[in-house]
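Heads up, the thing below is written out as structure tokens.
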Amino acid sequence: MEFTTLKGFKDVLPEDVGTWQRLEFKARRILRSFGFHEIKPPIIEKTELFSRSIGQDTDIVSKEMYSIVDAKGKSISLRPEATASVARAYIQHRLYKKNPVQKLFTFGPMFRRERPQKGRFRQFYQINAEILGDTGPRSDADLIILATTILSEVGLSGLTLHLNSLGCAQCRPRYREGLQEFLSQRTDVLCSDCRKRATTNPLRVFDCKVETCNEVVSDAPSILDHICEDCRNHFDSLKGYLDDSNIPFVLNHRLVRGLDYYTRTSFELQTEHLGAQNAVCGGGRYDALLKLLGGPDHPAIGFAMGIERLVDLLSEDGKENSPAPELFVAGLGEKAEGEVFGWVRDLRKAGIWVEMEYASKALKAQMKRADRLGAKKVLMVGDNELASGKGVLRDMETKEQKEIDLKNIVDNLKKVLGRDE
Ligand code: HAM
């Protein structure tokens with residue numbers, strides 16, 4: 001029997017790892033310049049943390065979590081997202097006492113038992129950034145600028161920023177009632193899920209992918225016409241900062257996002273190139289979550305971007321060229337093989353990527369391997385070279401060969417490879 005990955009799970013193969021690392025490296029650099037610090041929460045938490053934060057009636061909690069009951073009868077779950085864990089950590093460790101505004105980021109895998117398709121996996125990686133403890137709107141704008149900076153720095157363009165305000169505890173209930181009333185007159189054309197949502201969580205109907213539900217909500221009242229004065233001022237001010245920063249956006253009153261904790265600002269950066277899974281980055285404000293989880297009444301905002309989707313979108317030339325060794329050392333005969341082993345070990349101490357053959361092989365086979373690895377240079381040494389004290393160094397690109405002194409060969413090679421400082 002041959003084992004394969006589970007449905008919706010995938011291996012990131014060595015040829016793609018370079019692109020992942022480059023993304024992560026650039027994102028880390030930018031996150032640092034925006035003053036963010038890394039946090040590494042565990043990937044398993046109490047199920048209740050997620051159900052309370054994300055919302056019992058959301059698809060994520062009601063259908064997609066990987067939950068198990070542990071030996072003591074407690075339900076625990078693989079995290080479907082990171083925000084709830086970051087919020088828990090902020091409260092548990094009283095991070096706000098050290099600094100009232102915490103800017104935290106995390107990288108790592110998330111798990112959702114969704115139907116797999118292009119750009120949608122059951123294990124996927126996110127870059128997650130959260131600003132906890134600030135009411136905005138300057139922090140909203142700064143966070144959106146952070147997201148767009150990361151995306152443009154890694155080479156992604158042509159994304160559209162969709163922006164909405166979901167109101168607050170003062171104005172959203174009124175809007176929710178109006179929407180409920182609107183939907184109740186159209187239940188006959190709603191799908192069975194949305195018929196339920198229309199009473200339990202009507203804003204979720206905006207998320208439904210069923211065509212008839214989509215048509216219904218296209219005429220639904222817009223939340224942007226119903227937010228209170230404070231929410232309106234917040235939103236107008238955010239739009240002003242984005243305009244001043246030359247960040248174009250489209251208003252999308254249907255952008256409710258799939259998690260219940262959002263208040264006020266919600267946003268997504270979307271692409272036209274990933275089919276139905278068009279969101280590369282999504283986020284928003286969650287001013288009530290920390291209090292809901294038993295913490296202080298502090299506001300917060302954050303986003304997450306899906307790394308698989310970013311990797312998918314990067315054009316071929318944006319991808320990392322396969323990295324190649326700087327040098328291959330081909331030893332011929334027992335004596336030379338022994339010498340080569342020591343040279344390779346010492347060159348690696350200087351941080352030089354050097355390859356050699358473990359097994360004894362003919363020169364032709366070793367040259368073939370060096371070529372396949374893409375080695376830039378090959379040093380060839382056999383009994384004759386050892387006797388004469390001169391090895392042969394071949395430039396694999398120009399095919400030029402020259403002699404190199406074997407006395408102090410490690411230092412000589414460092415010089416040739418530009419590491420003689
Ligand atoms: P989300 O919209 O559920 O938000 O996910 C954010 C991003 O993760 C998506 O835009 C997408 O790029 C990626 N993503 C989501 N699901 C999948 C999947 N099944 N396969 C591949 N990629 C996926 C959140 O997770 C919120 N926690 C964001 C946030 C942070 N809000 C405030 N702070």
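Order of appearance sets the numbers: ligands from 1, and atoms from 1 within every ligand. Everything numeric in this text was worked out from a predicted model, so none of it was measured. Just so you know, residue 1 is the first one in the sequence shown, and it goes up from there.
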Residue, atom name and distance, where the atom is the protein heavy atom closest to [atom]:
atom                    : result
atom 14 (N) of ligand 1 : Phe124 CE1, 3.5 Å
atom 5 (O) of ligand 1  : Gln126 NE2, 3.2 Å
atom 19 (N) of ligand 1 : Glu114 OE2, 2.7 Å
atom 30 (C) of ligand 1 : Thr83 OG1, 3.0 Å
atom 4 (O) of ligand 1  : Arg257 NH2, 3.0 Å
atom 33 (N) of ligand 1 : Glu130 OE1, 2.9 Å
atom 7 (C) of ligand 1  : Ala304 O, 3.6 Å

Ion pair [X]/[Y], N-O distance below 4.0 Å:
X      : Y      : answer
Lys239 : Asp236 : yes
Asp193 : Lys63  : yes
Lys349 : Asp346 : yes
Arg29  : Glu153 : yes
Asp59  : Arg112 : no

Show me which atoms of ligand 1 lie under 4.0 Å from any heavy atom of [X].
X      : answer
Gly283 : 31 (N)
Gly284 : 32 (C)
Ala279 : 9 (C), 10 (O), 11 (C), 12 (O)
Val280 : 10 (O), 12 (O)
Tyr262 : 26 (C), 28 (C), 29 (C), 31 (N), 32 (C)
Cys281 : 10 (O)

With rounding to the nearest 0.5 angstrom, report the OG1 to NE2 distance, Thr265 to His234. 3.5 Å

Any idea which of [options] brings a heavy atom closest to [atom]?
atom                    : options                        : result
atom 28 (C) of ligand 1 : Gly258, Pro116, Gly282, Ala82  : Gly282
atom 3 (O) of ligand 1  : Glu268, Glu81, Arg112          : Arg112
atom 32 (C) of ligand 1 : Gly302, Gly306, Ala129, Gly119 : Gly302

Taking distance alone, with no angle check, do Arg120 and ligand 1 share an N/O pair under 3.5 Å? no

Backbone or side-chain N or O of Phe121 under 3.5 Å from ligand 1 N or O: yes

Heavy-atom closest contact (Leu290 atom, His298 atom, distance): CD1-O, 3.2 Å

Shortest non-hydrogen contact between Met356 and Phe341, atoms and distance: CE-CD1, 3.5 Å

Please test Ser139 against Arg285 for side chain to side chain donor-acceptor pair (under 3.5 Å), starting from the C-alpha separation and ending with a verdict. CA-CA 10 Å; Ser139 49; Arg285 189 158 270 293; 3.2 Å; yes

Which bit of [X] gets closer than 4.0 Å to ligand 1, counting heavy atoms only: side chain, backbone, both or neither?
X      : answer
Met110 : neither
Phe267 : neither
Ile60  : neither
Phe303 : backbone
Glu308 : neither

Is there a ring pair (Phe, Tyr, Trp, His ring centres under 6.0 Å) between Tyr125 and Phe107? Walk through the geometry before answering. CA-CA 7 Å; Tyr125 284 72; Phe107 279 84; 9.6 Å; no

Expected output: side-chain Asp287 to main-chain Ala300 donor-acceptor under 3.5 Å: yes

Member of Lys26, Arg22, Arg28 meeting the salt bridge (Lys or Arg N to Asp or Glu O under 4.0 Å) criterion with Glu24: Arg28

If you count the non-hydrogen atoms of other residues, nucleotides and ligands that lie under 6.0 Å from CD in Gln185, is the total more than 12? yes

What is the ring orientation for His253 with Phe206, classed by angle as parallel under 30°, tilted 30 to 60°, or perpendicular over 60°? perpendicular

